[in-house]
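First listed ligand is number 1; within each ligand, the first listed atom is number 1. Remember, it's a predicted structure, so these values are computed and weren't measured experimentally.
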Amino acid sequence: MLQFIQCTEQENENDRSVRNELLAGLSAAQAFTSPKYLYDALGSKLFEAICELPEYYPTRTEALIFKTHGRAIAQAIGSGSTLIDLGAGNCAKAARLFPALQPAQYVPVDISVSFLHESLQRLQQQFPSIVMTGVGLDFSNELLLPDSVRNEKRLFFYPGSSIGNFTPEASLAFLQRIHAACDADGSLLIGVDLVKDKALLNAAYDDALGVTAAFNLNLLRHLNHLLGTDFEVRGWRHRGFYNQQESRIEMHLEAATAQTVRWPQGERRFERGERIHTENSYKYTQHTFTDLLEQAGFRRLSCWVDPQQWFMVCHAHAA
Ligand code: AVJ
């Protein structure tokens with residue numbers, strides 16, 4: 001059985017609240033934008049390219065953990081789960097777990113259900129015995145799943161260290177919402193990037209080919225499209241570095257020269273060197289992250305790391 005449900009309004013280009021939120025951020029003394037605007041069609045492709053870079057270890061390291069510990073992970077989870085894939089995209093990471101996990105229902109969730117159509121049609125042919133329910137939902141603020149998502153044995157899947165985009169406080173709130181969406185038999189399978197040598201972190205977010213720079217700079221093209229701003233991409237530089245104090249990677253766009261950016265209802269002057277903060281990617285120690293899971297109400301944790309201890313995958317029961 002295959003079903004698609006669009007829950008939240010899809011963000012369209014003239015959405016007032018999106019405009020207001022973005023323009024408020026751009027007009028702030030310290031200009032900022034939400035990292036979700038990095039992912040237009042080209043941005044999503046550039047992120048896929050990032051995942052192939054030798055410097056960008058998270059994707060490959062997480063995959064290694066799933067490969068090495070797949071049996072133990074499947075054993076901790078058991079079969080017949082309702083696999084809820086948060087930010088599923090092309091559904092590839094979850095699909096690799098199907099043979100070992102044998103879920104009863106697969107529920108990929110993404111902002112737009114249209115992202116899920118093709119991949120899910122194909123997956124349903126490959127795994128006809130799994131009920132598949134594609135859900136279009138912006139789960140960053142609220143996690144209200146449609147009724148056709150079974151309550152039994154929910155397994156929330158949140159790989160790739162996407163949790164790193166939230167501040168630790170927002171992460172706790174997000175994990176609490178997942179916990180609340182679980183019955184006593186529910187659980188969470190989550191990937192998180194770990195604190196490591198600063199040089200490795202800096203290289204992963206400022207690669208030699210400049211793919212991460214292109215990914216970050218592409219935001220300006222996306223903003224021009226969304227807001228009618230007149231950003232000149234060549235007038236900006238990518239900055240990506242580890243902030244040890246805050247335990248996070250920061251990405252910024254830095255004005256190479258003083259300039260004024262205009263849009264239909266306003267403008268903003270940027271001095272040379274002034275920045276727009278475009279992303280945070282928090283890094284955890286094994287201990288601070290398992291603490292956070294327990295604070296959110298999760299119990300009976302099993303965690304796996306790669307030999308270099310660069311990345312961690314945790315399974316945690318709701319009760
Ligand atoms: C998709 C949020 C996990 O933080 O590593 C990669 C995004 N930004 N390179 C990350 C990203 C720059 C990525 N996450």
Peer 1: In terms of side-chain geometry, is the basic nitrogen of Lys93 or Glu62 positioned less than 4.0 Å from the acidic oxygen of its partner?
Peer 2: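 Between Glu62 and Lys93 there is a salt bridge, with a charged N closer than 4.0 Å to a carboxylate O.
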Peer 1: Output, in order, the C-alpha distance, side-chain angles, deciding distance and verdict of side-chain hydrogen bond (donor to acceptor under 3.5 Å, both in side chains) for His238 and Thr212.
Peer 2: CA-CA 8 Å; His238 165 66; Thr212 307; 5.5 Å; no
Peer 1: Run the salt bridge (Lys or Arg N to Asp or Glu O under 4.0 Å) test on Asp193 and Lys283 for me, step by step, so that the C-alpha distance in whole Å, both residues' side-chain angles and the decisive distance to 0.1 Å come before the verdict.
Peer 2: CA-CA 6 Å; Asp193 197 15; Lys283 309 303 170 189; 2.7 Å; yes
Peer 1: Give the residue and atom name of whichever protein heavy atom lies nearest to atom 3 (C) of ligand 1, and the separation in Å to one decimal.
Peer 2: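 Minimum-distance protein heavy atom for atom 3 (C) of ligand 1 reads Gly160 O, 3.1 Å.
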Peer 1: Would you mind running through ligand 1 and noting each atom that sits below 4.0 Å from a heavy atom of Ser281?
Peer 2: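 Under 4.0 Å from Ser281, ligand 1 has these atoms: 4 (O), 5 (O), 10 (C).
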Peer 1: Which of the numbered atoms in ligand 1 are below 4.0 angstrom from a heavy atom of Ser161?
Peer 2: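 Answer for ligand 1: 3 (C).
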Peer 1: Using the rule that Ile, Leu, Val, Met, Phe, Trp and Tyr join whenever any side-chain heavy atoms are under 4.5 Å apart, tell me whether Phe241 and Phe215 fall into a single cluster.
Peer 2: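 Different clusters.
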Peer 1: In the protein, which heavy atom is nearest to atom 13 (C) of ligand 1, and how far is it?
Peer 2: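 Checked against all protein heavy atoms, atom 13 (C) of ligand 1 sits closest to Tyr56 OH, 3.4 Å.
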Peer 1: Please identify which atoms of ligand 1 are closer than 4.0 Å to at least one heavy atom of Asn165.
Peer 2: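 The atoms of ligand 1 under 4.0 Å from a heavy atom of Asn165 are 2 (C).
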Peer 1: Taking only heavy atoms of Phe215, which atoms of ligand 1 are found under 4.0 Å from at least one of them?
Peer 2: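 Every atom of ligand 1 under 4.0 Å from some heavy atom of Phe215: 8 (N), 12 (C).
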Peer 1: Please determine whether residues Val131 and Tyr106 belong to a single hydrophobic cluster, defined as Ile, Leu, Val, Met, Phe, Trp and Tyr linked transitively by side-chain heavy-atom distances below 4.5 Å.
Peer 2: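 Val131 and Tyr106: separate clusters.
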Peer 1: Check the pair Glu250 / Asn280 against side-chain hydrogen bond (donor to acceptor under 3.5 Å, both in side chains), numbers first and verdict last.
Peer 2: CA-CA 5 Å; Glu250 294 180 14; Asn280 288 321; over 6 Å; no
Peer 1: Please tell me whether Tyr158 and Phe156 are part of a single hydrophobic cluster in this structure, the criterion being side-chain heavy atoms less than 4.5 Å apart.
Peer 2: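 Yes, because Tyr158 and Phe156 connect within a single hydrophobic cluster, where side-chain heavy atoms sit under 4.5 Å apart.
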Peer 1: Considering the heavy atoms of Met251, write down every atom of ligand 1 situated less than 4.0 Å from one of them.
Peer 2: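 Under 4.0 Å from Met251, ligand 1 has these atoms: 12 (C).
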Peer 1: Considering non-hydrogen atoms of the protein only, which is the closest contact for atom 7 (C) of ligand 1, and what is the distance?
Peer 2: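 The answer is Glu279 OE2, 3.4 Å.
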Peer 1: If you count the atoms of ligand 1 from 1 in the order shown, which ones are under 4.0 Å from a heavy atom of Tyr39?
Peer 2: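 What qualifies from ligand 1 is 1 (C), 7 (C).
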Peer 1: Just distances here: any N/O of Ser162 and N/O of ligand 1 closer than 3.5 Å?
Peer 2: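 Not met; the criterion fails.
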